[in-house]
Amino acid sequence: MGRDLSALFDPVSVAVVGASDDPAKYGHAIAVQALRADGRRPVHLVNRRAGTVLGRTAAPSLSALGEPVDLAVVSVPAAGFEDAVDEALRCGARAIVAITAGFAETGAAGRARQHAVAERVRAAGAVMVGPNCLGIADNTTDLFLASDSFTPGGVALLSQSGNLALELQLRFRPHGLGFSRFVSLGNQADVTLVDLLADCARHEGTRAIAVYAEDFGDGRAFAEAAAEAGKPVVLLTAGRGDASARSAQSHTGALTTSADVVSAACRDAGVELVATPRELTVVLAASEGARRAAGRRVAVLTDGGGHGVIAADSVETAGLTVPELAEPTRRHLREALWEQSAVANPVDLAGMGEQDPGSYATTVAALLAAEDTDAVLMTGYFGGYAAAEGGLGGGGTALADGEREAARLIAARHRATAKPLVVQSMYPESPSCRTLAAAGIPVFAATEDAARALLATAPATARTGVTPLPAPAAPIRRTGYLETRRALEAAGLAFPAAREIHDETQLLAAAAEFTGPYVLKALHLLHKSDAGGVALNLAGPAELLTTFREMHARLGAPSYSVEAMADLTDGIELIVGVNRDPRFGPVAMVGLGGILAEALRDVAFSLAPVPADRAESLLRGLRTAALLDGVRGRPAVDVAAAAAAVETITTFAAEHPEIAEIEVNPLLVRPRGVLALDSRAVLA
């Protein structure tokens, strides 16, 4: 069930420690807001000078109140913070909102102070948000402990930025969105993003959860909590462009960025990942009605060719389709519209809307009812006829009245169907568009926003959840090529026959154990191919010996591996690797491999371990996935065996937290079975 945060969001009483009459102090803003709900619960103001604050008697300390305090907001200078928290705990506080800054964000000494305070809070059975936070609010319990007020609604915002909350407040208003809760995360010394996410998932007044986070703390736990939330979770995060391991020692490490990791975690957990506050608002507006399209087919309706073409492009760019409508649908539309209207998709009224605004409603109804559409986008001029200024005829004309009536009919039709309808209008604030918005139809000024909203309602990639980490296995102490290979073989991964050799005598003895052609590899080189330490397709012992002499003279490696050469004729080379991310733990990568892995960069990511069914989905999602099924006369390869190998490799990596990076490259997938041709691992 997670931690009990009831005292944080619905306390019996509240005290603001550091309340002030000085508008420049945060304790002033918090006190002003707290007193808005004075009738809901006792609100005490504490100022060490006593006297009055905001016209009310202030106590010099919490102890002087003479009664328990359930929640204490601490907004005092850093020097007095620990004493204020300790006094709050002695006075029975079950929750603390720590506004005071100057702790982990200042360095090691501040981090140590913060840790010590958090330990005392937990030992007392209490919870603490912050320090270095901007407060909290819960509109469902009339708890106002932030410097600003927030319009009530169904979105819980968990944010590391206070200003972002203010921007979202402005962006939400045209869409009728508001906040159930707001929490400024601060340093997360005690209560974490994961704790809050889990609590908001259980909160009846919250319909969707918006998160702005720069530091996830335990990213894997965040993904697990989001996957189990049962409500839309939308994430805006920053800093995703930096490489997660700039000193990566493998292809996997070099190809894995923070953006890849966060995207993979969000996809696995079913989280909507957005890049801007505007996009976050768009996705939440689309999610507000809880409508999901059955497929990805979008019908575009316009009364002008330009808007229709642009909208169709935007929809397809978003990853949806604008297919030609089936003949029954087109026949229905031809009967309802005039001759010059286009009915294939986009559907263009071709000026009919100027003669009869009701044609919008008729067409929307037909498209929502059509079996060959999953969602509808109406785009262009609708709203202009009834706009107070700037529309054809202006407000109050027959056209304006007709458009307003069309809006009412569209709203009624929308309520009667489960299909998503999204509108882009040149006049999003017009009376007609406000009628649509009031009915729960998302209305946007920008075409790309409307397309993104439709994507948010489309069937998502199957939410796979986050596979639990397996119990750690006995640690591996050495990760040389042969040691790694043997460990993976023991886990069930097949390799060609191989023998380690140190001199010519051992080389010839190894050659006698299995037939050629042979592969010769110089060991103890992390990137053997790059150093010229791999020779392939050596026909027999003589060529093997000659190559060994040349390679040894050039590289002087302490040992070599003689291996059977695999038949590459009908196979495809893949790369499978796992990179251990400091926030999200083991992250798997699969893609087209071989020596061109980094050049091709055709890879996909998932949190590890990766079950075989998910691995097959990742492989099928590659740009070059068609190769797996055979092209230009080549046979199809054993994708099921490749997926099973991915599961083996990623499970092994997840069982060994001491391994920072591991990869098998290439993993040769053949018409029947797979064979690992090379592997490497790096200890943390």
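When reading the values below, keep in mind they use all heavy atoms of this one structure, side chains included, and skip hydrogens, waters and symmetry mates.
For Glu327, the CD atom is densely surrounded, since the number of other residues' heavy atoms within 6.0 Å is greater than 12. More than 12 non-hydrogen atoms from other residues, nucleotides or ligands lie less than 6.0 angstrom from CD of Gln340.
A ring-centre distance under 6.0 Å is not found for His307 and Tyr381.
For residues 350-375, every residue pair satisfying the ring pair (Phe, Tyr, Trp, His ring centres under 6.0 Å) rule, not counting sequence neighbours, is listed here: Tyr360-Phe382. Sequence neighbours left out, the pairs with a member in residues 177-188 that pass side chain to side chain donor-acceptor pair (under 3.5 Å) are Glu105-Asn187, Gln114-Asn187, Asn132-Asn187, Asp138-Arg181, Ser180-Thr206, Arg181-Asp199.
The shortest non-hydrogen separation linking Val16 to Ile30 is CG1-CG2, 3.9 Å.
In this view, Phe150 and Phe179, Phe182 satisfy the ring pair (Phe, Tyr, Trp, His ring centres under 6.0 Å) rule, not counting sequence neighbours. For Phe584, the ring pair (Phe, Tyr, Trp, His ring centres under 6.0 Å) partners at least two apart in sequence or on another chain are Phe216. With sequence neighbours excluded, no residue forms a ring pair (Phe, Tyr, Trp, His ring centres under 6.0 Å) with His28. Shown here are the side chain to side chain contact (heavy atoms under 4.5 Å, CB included) partners of Ala446, two or more places apart in sequence or in another chain: Arg278, Glu448, Asp449.
To the nearest 0.5 Å, atoms CG (Leu164) and CZ (Arg171) are separated by 9.5 Å. We find the CZ-CG distance between Arg220 and Asp218 to be 9.0 Å, quoted to the nearest 0.5 Å. Separation of atoms CG (Leu301) and CG (Asn345) is listed at 9.5 Å; rounding is to 0.5 Å. Summarising the geometry, atom NE2 belonging to His175 is positioned 14.0 Å from atom CD1 belonging to Ile441; distances are rounded to the nearest 0.5 Å.
The existence of a salt bridge linking Arg36 and Asp142 is excluded, since no basic side-chain nitrogen approaches an acidic carboxylate oxygen closer than 4.0 Å.
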